[in-house]
Number of protein chains: 2
Amino acid sequence: MGKQMTEMLKGTLEGIVLAILAAQPAYGYEITARLREQGFSDIAEGTVYALLIRIEQRRLVDVEKVPSEKGPPRKVYSLNTQGKQELEEFWRTWSFLAERIEQLHHGGN
Amino acid sequence: MGKQMTEMLKGTLEGIVLAILAAQPAYGYEITARLREQGFSDIAEGTVYALLIRIEQRRLVDVEKVPSEKGPPRKVYSLNTQGKQELEEFWRTWSFLAERIEQLHHGGN
DNA sequence: CCGCGGTATTCAGCGTTACTATGTACTGGT
DNA sequence: ACCAGTACATAGTAACGCTGAATACCGCGG
């Protein structure tokens, strides 16, 4: 992945994952796969797991261990109330930034 | 500033500054002021200067020292060929990211 | 004359984030 | 017994923006 993308993901990747979880609960491996499908072709698994642990510690998600037929038990994450608030906040921050950048892209400053 | 914004600026702030310089050459203090006008109300001065040094070392800009009537000489930065390429690359990366995030925002995944 | 505020740049130290590179564990197919 | 696929975890690293301070130069009011 480009270095630019790596840096740009900082701060946004968390929002992306929160948005995915807002649509429906999911577990780490699944989230990684979903990201890859969506074009984030080489987001490292380790990155996702680390992020999930972070948002769990910040109490943005509820966790449930679910046995899997293939492999170790899945940790299924679902967005809780606080997580939804954080996501709202993310959308506000994102919109703010996206607007100004889009303005720079076209109109010029 | 929100922590979210701080993290989100990582990677994008450089692009923003490159875009500002693409419109016209400018010096650090001026860029900071311009950013504040545009709504990035508390981007630290130190942050901008550090960024400018970085892009200078990566040869994305040409630098010219211009004496100032008030205060120490200004370091006026202007985008060179390589800088323009980097900016192009930035727009591509940004567009990619913005598209997927916008998709998550509305359609859902 | 001297301090103060505005202009302009620089730097050391910090916290957060994503990546690299592993390692562990469980299952089913050959 | 071995291997591939599933699933999670973690130590170490690099990059970036922020904090907080210092430095330098100028004009103006007290």
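Within every chain, numbering begins at 1; the chains are lettered A, B, ... in the order of the sequence lines, protein sequences first and strands thereafter.
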* Asked: Given D:dC18, is OP1 or OP2 found less than 4.0 Å from the side-chain N or O atoms of B:T47?
  -> yes
* **B:L13 CG to D:dA15 C1', straight-line distance once rounded to whole Å** => 13 Å
* Atom CG of A:L9 to atom P of D:dA15: distance rounded to whole Å? -> 16 Å
* If you round to the nearest 0.5 Å, how far is CG of B:L51 from CG of B:L18? -> 7.5 Å
* Does the base of D:dC16 carry an N or O that pairs as donor and acceptor with the side chain of B:K10 under 3.5 Å? -> yes
* Asked: Rounded to the nearest Å, what distance is computed from the CG atom of residue B:L35 to the C1' atom of nucleotide D:dC18?
  -> 15 Å
* For DNA chain C, whose closest nucleotide is more 5', that of A:R58 or that of A:P73? -> A:R58
* Could you give the OH-to-P distance, from B:Y49 to D:dA22, as a whole number of Å? -> 18 Å
* Would you classify B:G46 as touching base, sugar-phosphate or nothing, given that sugar-phosphate means primed atoms plus P, OP1 and OP2, and contacts are heavy atoms under 4.0 Å? => base
* Verify the distance criterion only: is there a donor paired with an acceptor across the side chains of B:E14 and A:Q4 at less than 3.5 Å? => no
* To do: Let me know, please, whether A:P72 or B:E7 comes out on the 5' side of the other along DNA chain C by nearest nucleotide.
  => B:E7
* Taking atom types as modelled, is there a side-chain donor on B:W94 or A:E102 under 3.5 Å from an acceptor on the other? -> yes
* Asked: Base, sugar-phosphate, or nothing: which does B:E45 touch, judged by heavy atoms less than 4.0 Å apart?
  -> base
* Using the closest heavy atom to pick a nucleotide of DNA chain D for each, name whichever of A:G71 or B:I43 lands nearer the 5' end. => A:G71
* Structure fact -> Here the gap from A:L21 atom CG to A:L87 atom CG, rounded to the nearest 0.5 Å, amounts to 9.5 Å
* A:E69 or B:A44: which one's nearest nucleotide on DNA chain D is closer to the 5' end? -> A:E69
* For B:F96, is the NZ or CZ atom of B:R100 found under 6.0 angstrom from the centre of its six-membered ring and inside 45 degrees of the ring axis? -> yes
* Asked: CD of B:Q57 versus P of D:dA15: gap in Å, rounded?
  -> 12 Å
* Structure fact -> From NZ of B:K3 across to P of D:dT19 the rounded distance in Å is 13 Å
* Starting at atom CD1 of B:I16, determine the distance to atom P of D:dC16, rounded to an integer number of angstrom. => 14 Å
* Rounded distance [0.5 Å steps], OG1 in B:T32 versus CD1 in B:I43 -> 8.5 Å
* With sugar-phosphate meaning primed atoms plus P, OP1 and OP2, does B:L52 contact a base, only sugar-phosphate, or nothing at under 4.0 Å between heavy atoms? -> nothing
* Are A:I53 and A:V61 linked, directly or through other ILVMFWY residues, by side chains that come within less than 4.5 angstrom of each other? -> no
* Structure fact -> In whole angstroms, the gap separating C1' of D:dA9 from NZ of A:K75 amounts to 9 Å
* Structure fact -> So the contacted stretch of DNA chain C, first to last nucleotide with an atom under 4.0 Å from a non-hydrogen atom of chain A, runs from C:dT17 to C:dT27
* Asked: Should the pair B:E7-B:K3 be classified as a salt bridge under the 4.0 Å nitrogen-to-oxygen rule?
  -> no
* To do: Examine D:dT6: is either OP1 or OP2 under 4.0 Å from a nitrogen or oxygen in the side chain of A:Y29? Give yes or no.
  => yes
